[in-house]
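Below is one structure, written out as structure tokens, with a few remarks after it.
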There are 2 protein chains.
Amino acid sequence: MEFSAVDSEKFAVQEFRERCRNAGLALTHQREIIFRTVYEMRSHPTPEAIYERVREQLPSISLGTVYKNLKTFLDTGLLREVSPMHGSLRVDAITEDHHHVVCTQCRMVVDLGEEELEPVRLRVQLPDGFVLKRCVVEFYGLCPRCAAKPDKPR
Amino acid sequence: MEFSAVDSEKFAVQEFRERCRNAGLALTHQREIIFRTVYEMRSHPTPEAIYERVREQLPSISLGTVYKNLKTFLDTGLLREVSPMHGSLRVDAITEDHHHVVCTQCRMVVDLGEEELEPVRLRVQLPDGFVLKRCVVEFYGLCPRCAAKPDKPR
DNA sequence: TTATTAAACAATAAATATTATCATTCGTCA
DNA sequence: TGACGAATGATAATATTTATTGTTTAATAA
């Protein structure tokens, strides 16, 4: 059996309400619209793109509110960051393929050589016409230092 | 046989000069210092951090120059981006583990379910005390659309 | 309900990150 | 060496994100 898009959305919104309650978050109209918008977009939108869409339904909403709520949703696990590494450009002088161990708290990155991992194997084809350049495995978590102090975990 | 750090650096700088020539880039003092600095830092520094370090040797250098050269180095493959996804926050309503196919040109992201990949297997231990939260595989390349038009490839 | 209180809101300013502009200087190559 | 295009430094402009503040709203309990 399959859920239709509508069912799945209803489920997600239900889930959303419950999770807000569990996290002690007030259930505001804005929050619900923001969450539903992201959920419906299905792409991996930026705050700006979300803001544009949400504004169609809530013309008076502020960009700051979108940012603050996205952050709240990330903190409570209602949403995820596509790339916990964003923030600022980071460059790498090692141009050989390798992987990363990333602390999501302090953003420290440790390298992992290509040979320290079993080769990544796909069970399916990549999208037709996609030209693959490289493949990177990122291990996200907390480094020893950040794991120790109970700051604000993400 | 092993290369010492000094040998390896000399090699890298030699390589750097040659690659500049091949790419038609003028070999300036600033470029050499910037590259060597990144190479020596070994971490995965931000432009700001690189700027601070470079300034110790070239007090008059401008932050813009650092940015522009980093970009040039990335374009010519002398350096790599740690996370080609940076730029702006991107959120994801799918909170189940999954992977990404990313176009480095237009930054489009396609999801790849956890089950569409053989499980990732480490051959070594993660750094002692590291608390792993999740593991994401990113396939970087060009989407069909971007592969077609010979814009500016990265 | 309705009053109370803490949280969330909109507006705005500030901070951070990045790119663009332009006059001057510097490498490159004849 | 000298001409020319490219690179630099200074600075302005833009983009992204966070902080601040006064006002409004949701949650809780009487």
Side-chain angles (χ1 to χ4, degrees), chain A residues 16-35 37 44-52 54-76 78-79 81-91 104 107 151-152 154, chain B residues 16-35 37 44-52 54-76 78-79 81-91 107 152 154:
Chain A
F16 169 75
R17 288 187 177 146
E18 197 174 323
R19 288 229 236 170
C20 278
R21 198 149 299 141
N22 291 342
L25 298 180
L27 194 64
T28 67
H29 191 44
Q30 286 90 336
R31 281 206 175 127
E32 216 168 307
I33 301 279
I34 292 171
F35 181 81
T37 299
H44 301 77
T46 63
E48 191 67 35
I50 296 163
Y51 173 59
E52 289 307 329
V54 168
R55 236 180 3 166
E56 293 168 10
Q57 295 166 77
L58 296 173
S60 72
I61 200 167
S62 134
L63 180 57
T65 300
V66 173
Y67 265 99
K68 210 170 330 150
N69 278 311
L70 290 180
K71 192 165 192 162
T72 303
F73 293 159
L74 293 174
D75 286 346
T76 55
L78 270 159
L79 294 178
E81 267 185 89
V82 173
S83 168
M85 280 294 301
H86 85 285
S88 175
L89 174 66
R90 303 279 289 264
V91 297
T104 51
R107 293 191 166 155
D151 240 320
K152 34 174 68 178
R154 269 204 190 169
Chain B
F16 169 75
R17 289 187 177 147
E18 197 173 324
R19 288 229 234 170
C20 277
R21 197 148 301 141
N22 292 343
L25 299 179
L27 196 62
T28 67
H29 191 43
Q30 287 89 337
R31 282 210 172 122
E32 215 168 309
I33 302 278
I34 292 172
F35 181 81
T37 299
H44 301 78
T46 63
E48 191 67 34
I50 296 163
Y51 174 60
E52 288 308 328
V54 168
R55 236 178 3 164
E56 292 168 11
Q57 295 167 76
L58 295 174
S60 71
I61 201 167
S62 137
L63 180 58
T65 300
V66 173
Y67 265 100
K68 210 165 335 146
N69 278 309
L70 290 179
K71 191 164 193 166
T72 304
F73 294 160
L74 292 174
D75 286 345
T76 55
L78 271 160
L79 294 178
E81 267 185 90
V82 173
S83 169
M85 280 294 298
H86 85 286
S88 173
L89 173 65
R90 303 278 290 266
V91 297
R107 294 191 164 154
K152 31 174 73 177
R154 274 204 188 170

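A note on names: the letters A, B, ... follow the listed sequences, proteins ahead of strands, and every chain is numbered from 1. For the numbers below, each heavy atom of this structure counts, side chains included, while hydrogens, waters and symmetry mates do not.
- Taking CG of A:Asp75 as the reference point, atom CG of A:Leu25 lies at 9.5 Å (rounded to 0.5 Å).
- There is a side-chain donor-acceptor pair under 3.5 Å between B:Ser83 and A:Ser83.
- In terms of the salt bridge (Lys or Arg N to Asp or Glu O under 4.0 Å) criterion, residue partners of B:Arg17 (sequence neighbours excluded) are, by chain and number, B:Glu32.
- For the pair A:Asp75 CG and D:dT17 C1', the interatomic distance rounds to 14 Å; values are reported in whole Å.
- Applying the side-chain hydrogen bond (donor to acceptor under 3.5 Å, both in side chains) criterion to B:Arg90, with sequence neighbours excluded, gives no partner residue.
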Summary of protein contacts for nucleotides 2-15 of chain C, nucleotide by nucleotide, where a base hit scores B, a sugar-phosphate-only hit scores S (4.0 Å, heavy atoms): ------SSBB----
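- Checked against side chain to side chain contact (heavy atoms under 4.5 Å, CB included), A:Leu63 has the following partners two or more places apart in sequence or in another chain: A:Glu48, A:Tyr51, A:Tyr67.
- Using modelled atom types, one side-chain atom of B:Arg31 and one backbone atom of B:Ala26 make a donor-acceptor pair closer than 3.5 Å.
- Distance CZ (A:Arg90) to C1' (C:dT16): 15 Å, rounded to an integer number of Å.
- For B:Glu52, the salt bridge (Lys or Arg N to Asp or Glu O under 4.0 Å) test picks out B:Arg55, with sequence neighbours left out.
- If you take CG of B:Leu27 and P of C:dT25, they are 21 Å apart, rounded to a whole angstrom.
- Aromatic ring orientation, A:Phe73 versus A:Phe16: perpendicular (interplanar angle above 60°, classes split at 30° and 60°).
- Rounded to an integer number of Å, the gap from B:Tyr51 OH to C:dA17 C1' is 14 Å.
- When rounded to the nearest whole Å, the span between CG of A:Leu89 and P of D:dT17 equals 14 Å.
- For A:Lys71 and D:dT16, the NZ to C1' distance is 13 Å, given to the nearest whole Å.
- For DNA chain C, runs of at least 3 consecutive pairs of the Watson-Crick or G-U wobble type, with both hydrogen-bonding distances under 3.5 angstrom, map to C:1-30 with D:1-30.
- At the phosphate of C:dT18, OP1 or OP2 sits under 4.0 Å from a side-chain N or O atom of B:Tyr67.
- Note: NE2 (B:His86) to C1' (D:dA15) measures 11 Å, nearest angstrom.
- Applying the side chain to side chain contact (heavy atoms under 4.5 Å, CB included) criterion to B:Thr37, with sequence neighbours excluded, gives B:Ile33, B:Met41, B:Arg53, B:Val54, B:Gln57.
- C:dT18 atom C1' lies 13 Å from atom CD of B:Glu81, rounded to whole Å.
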